[in-house]
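Inspection log for the structure reproduced underneath, given as structure tokens.
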Amino acid sequence: MKKVKIVFAGDTGVGKTCLMNLIVGEKFSRSQIQTMGVEVRFLTKNIEEKEVNFEMWDTAGQERYDSLTKQYFRDAHGIILVYDITREDSVERAKKLYLKIKDEIVNDFAIVLVGNKIDLENKRIIQFSQGENLAKSWNCSFFETSAKIGTNVKEAFEKIFEQGFLKWNSKKEYHEIILTEKFEKSSCC
């Protein structure tokens with residue numbers, strides 16, 4: 001079975017775990033415990049008539065875990081970078097994480113930027129256009145979601161699953177080509 005690794009990143013309390021829980025069929029919970037380190041969940045989907053096992057890595061948002069970033073993102077095919085539309089600091093944290101990921105991770109991966117908690121529209125600080133412009137500057141897809149009421153959650157995940165699968169598929173083909181070339185070069189005699 002094909003394995004595609006998707007990593008959730010963002011500041012603490014932005015709703016990464018709640019979003020992931022919805023995707024694996026659990027209900028929203030107000031009393032979500034903070035993730036410590038990383039939690040991995042699995043979801044099997046059919047894409048392009050192939051059964052694909054998605055490993056979803058829910059990373060802790062606390063800065064004290066930043067030293068582990070490189071390990072968490074190693075071999076990722078897709079990254080969901082989440083911020084809270086009611087907190088400016090969560091956008092700044094997302095920007096820092098994006099730069100850290102781009103600087104430290106050498107593999108090619110897809111990114112979807114998610115502005116979460118749109119159910120709190122009356123407390124909104126980050127406008128839709130700000131998130132959209134940030135995503136354009138990073139050349140990635142953008143969604144605003146609500147883990148609480150489920151708005152756009154499925155759409156955001158379908159996008160990262162599709163893009164992550166395409167990244168996995170392109171890596172697979174690349175590795176097959178490299179192996180073939182190495183075999184042909186070593187079998188000259």
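Since the structure is predicted, the reported quantities are computational estimates derived from the model, not experimental observations.
Rounding to the nearest 0.5 Å places CG of L113 at 10.5 Å from CD of E132. Remark: D119 CG to I149 CD1 distance equals 5.5 Å, nearest 0.5 Å. A distance of 10.5 Å separates SG in C140 from CD1 in I79, rounded to the nearest 0.5 Å. We find the NZ-CD1 distance between K117 and I85 to be 9.5 Å, quoted to the nearest 0.5 Å. The line from CG of L97 to OH of Y83 is 14.5 Å long, rounded to the nearest 0.5 Å. Here the NZ atom belonging to K148 is positioned 6.5 Å from the CG atom belonging to L120, to the nearest 0.5 angstrom.
Under the 4.5 Å side-chain heavy-atom criterion for ILVMFWY residues, a single connected hydrophobic cluster contains both I125 and I118. If you chain together hydrophobic residues whose side chains sit under 4.5 Å apart, L81 and F128 fall into the same group.
When each of N21, V82, V7 is tested with K16 by the rule side-chain contact (heavy atoms from CB on, under 4.5 Å), just one qualifies, namely V82.
Using cut-offs of 30° and 60° for the angle between ring planes, the F157 and F8 rings count as tilted.
Residues W138 and K95 are in side-chain contact: their nearest non-hydrogen atoms beyond the backbone lie under 4.5 Å apart. At least one side-chain heavy atom of E88 sits less than 4.5 Å from a side-chain heavy atom of I126. The shortest side-chain heavy-atom distance between L19 and I80 does not fall under the 4.5 Å cut-off.
Put simply, the side chain of N116 gets close to the backbone of V14: a donor and an acceptor are under 3.5 Å apart.
Between S146 and L22, the shortest heavy-atom contact is O-CD1, 4.5 Å. Taking each heavy atom of D84 and G13 in turn, the nearest pair found is OD2-O, 4.2 Å. In terms of heavy atoms, A135 sits closest to S141 at CB-O, 4.1 Å. Heavy-atom minimum distance, F142 versus G115: CE1-N, 4.0 Å. Closest non-hydrogen pair, Q130 versus Q127, comes out as OE1-N, 2.6 Å.
Of the N and O atoms on the side chains of D11 and S90, not one donor lies less than 3.5 Å from an acceptor on the other residue.
Cation-pi geometry between K102 and F109 is met: the NZ or CZ atom falls under 6.0 Å from the ring centre, inside 45° of the normal.
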